[in-house]
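Below is one structure, written out as structure tokens; the observations come after it.
Just so we're on the same page: letters track the sequence lines, and every chain starts at 1.
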2 protein chains.
Amino acid sequence: MNISEASRICGLPAKTIRYYEEIGLIMPGRLANGYRDYGDTDLHKLGFLQRSRGLGFSVEDCRMLLSLYEDRNRASGDVKKLAQDHLTEIDRKIAELKGLRRTLSQLVDQCQGDDRPHCPIIDDLARQ
Amino acid sequence: MNISEASRICGLPAKTIRYYEEIGLIMPGRLANGYRDYGDTDLHKLGFLQRSRGLGFSVEDCRMLLSLYEDRNRASGDVKKLAQDHLTEIDRKIAELKGLRRTLSQLVDQCQGDDRPHCPIIDDLARQ
DNA sequence: GTTGACCTTCCTGTTGCGGGAACCTTTATG
DNA sequence: CATAAAGGTTCCCGCAACAGGAAGGTCAAC
């Protein structure tokens with residue numbers, strides 16, 4: 001199966017699939033003409049990558065997850081740790097964004113938003 | 001005032017300050033020896049940038065905010081719109097992260113996290 | 001005069017691809 | 001059968017917002 005069909009099936013752009021190959025994540029076979037040739041195993045891996053990335057894991061995390069996926073003797077604890085660390089990072093980001101949101105929405109509420117120059121948002125940013 | 005002192009005062013790394021100059025955000029004077037020389041106006045702008053970035057505005061947004069800051073005839077509505085758009089974007093990111101968080105935490109909860117290979121997280125990612 | 005702490009510019013690397021050029025193959029069509 | 005369109009390939013640049021580090025100039029102190 002060529003790359004555009006693999007792309008259609010796994011939902012990843014061809015560019016992304018080539019990139020994953022470049023960094024050694026999935027190495028498909030090649031046909032005599034040099035075209036990439038994706039088999040069932042490749043397609044499963046691509047789908048796995050698509051969903052892992054969809055959960056926000058970094059590509060390097062995905063590399064780790066993929067090797068755990070292929071390791072029949074893996075410890076589920078290793079997977080769980082990866083996921084928990086990611087969860088912690090997500091929580092950190094959410095907290096950070098909520099902090100920004102609080103401050104920003106207060107400022108927005110205070111601003112008249114009309115044609116006049118007076119602006120509490122600018123005043124806050126410019127506070128001496 | 002040289003760059004390291006400016007950095008200490010505004011709280012931005014010297015690297016960042018130089019970068020802001022490179023992209024035309026703040027253009028300090030130069031001494032005879034070629035060293036950058038920051039005056040009060042420059043320092044105010046740097047502080048303004050530091051706080052704007054701290055609220056998560058993109059550097060290009062900061063450029064716009066800075067020009068509104070310097071525009072005595074600005075309409076506060078322009079500032080408010082920028083801030084509201086940013087707020088919308090923040091909300092979008094929060095929602096996205098919360099979605100990930102939901103799915104991920106469910107999976108984590110289902111996983112035993114022991115030495116055995118069975119793992120609902122992997123199973124979900126590998127779902128055929 | 002020499003050391004050490006500054007400063008300068010310039011180049012590379014980061015993350016995860018997207019866009020596009022230049023070129024080759026295969027397939028479809030007149 | 002010639003050709004054009006639609007694939008494939010590699011390779012290189014660009015994005016955001018800097019950080020790290022090399023190579024070299026400058027300045028103050030001892």
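- For the OP1/OP2 pair of D:dC12 and a distance below 4.0 Å, the side-chain nitrogens and oxygens of A:Arg18 include no atom meeting the criterion.
- For B:Arg102, the CZ atom is loosely surrounded, since the number of other residues' heavy atoms within 6.0 Å does not exceed 12.
- Within the nucleic acid shown, A:Arg53 comes within 4.0 Å of sugar-phosphate atoms alone, with no base atom in reach, counting heavy atoms only.
- We find that CD1 of A:Ile3 is positioned 15 Å from C1' of D:dA6, with the value rounded to whole Å.
- Tested against A:Ile121 for a side-chain contact (heavy atoms from CB on, under 4.5 Å), the candidates B:Leu55, B:Val79, B:Leu68 yield a single pass: B:Val79.
- Between A:Tyr19 atom OH and D:dC12 atom P the separation is 17 Å, expressed in whole Å.
- How far CG of B:Asp91 is from NZ of A:Lys98: 10.5 Å, rounded to the nearest 0.5 Å.
- In this structure, A:Glu96 pairs ionically with A:Arg92, as a charged nitrogen and a carboxylate oxygen lie closer than 4.0 Å.
- Between B:Glu21 and A:Glu60, the residue whose closest nucleotide on DNA chain C is further toward the 5' end is B:Glu21.
- For B:Val59, counting side-chain heavy atoms from C-beta on, the closest listed nucleotide (D:dA17, D:dT10, D:dG7) is D:dA17.
- The pair A:Arg30-A:Glu21 counts as a salt bridge, with a side-chain nitrogen and a carboxylate oxygen less than 4.0 angstrom apart.
- Between A:Glu5 atom CD and D:dG7 atom P the separation is 12 Å, expressed in whole Å.
- In summary, B:Lys81 and B:Asp85 engage in a salt bridge, as defined by a charged side-chain N under 4.0 Å from a carboxylate O.
- Checking D:dT9, D:dA19, D:dC11 against the side-chain heavy atoms of B:Pro13 singles out D:dA19 as nearest.
- A straight line from CG of B:Leu31 to P of D:dA28 spans 11 Å, rounded to a whole angstrom.
- Dashed line: the shortest gap from a side-chain N or O of B:Tyr20 to OP1 or OP2 of D:dC18 is under 4.0 Å.
- Looking at the side chain of B:Tyr35, the nearest of the listed nucleotides D:dG25, D:dC18, D:dG7 is D:dG25.
- To the nearest angstrom, P of D:dA17 lies 14 Å from CG of B:Leu12.
- For the pair B:Ser58 and B:Ala32, both in contact range of DNA chain D, the more 5′-proximal nearest nucleotide belongs to B:Ser58.
- Taking the 5' to 3' direction, DNA chain C first and last meets chain A under 4.0 angstrom from a heavy atom at C:dG16 to C:dT26.
- Atom-to-atom, CD of B:Glu89 to P of D:dA16 comes out at 14 Å; the value is rounded to the nearest Å.
- B:Ile23 comes within 4.0 angstrom of nothing in the nucleic acid, heavy atoms only.
- Atom-to-atom, OH of A:Tyr38 to P of D:dG7 comes out at 16 Å; the value is rounded to the nearest Å.
- Look at B:Asp124 and B:Arg127 and you find a salt bridge, because one of the NZ, NE, NH1 or NH2 atoms lies within 4.0 Å of a carboxylate O, short of that distance.
- Checking the phosphate oxygens (OP1, OP2) of D:dA17, no side-chain nitrogen or oxygen of B:Thr16 falls inside 4.0 Å.
- Between the CZ atom of B:Phe57 and the C1' atom of D:dA17 there is a distance of 17 Å, rounded to whole Å.
- Within 6.0 Å of the CG atom in A:Asp115, the count of heavy atoms belonging to other residues, nucleotides or ligands does not exceed 12.
- Residue contacts for B:Arg36: at a heavy-atom cut-off of 4.0 Å it reaches the sugar-phosphate backbone alone, with no base atom in range.
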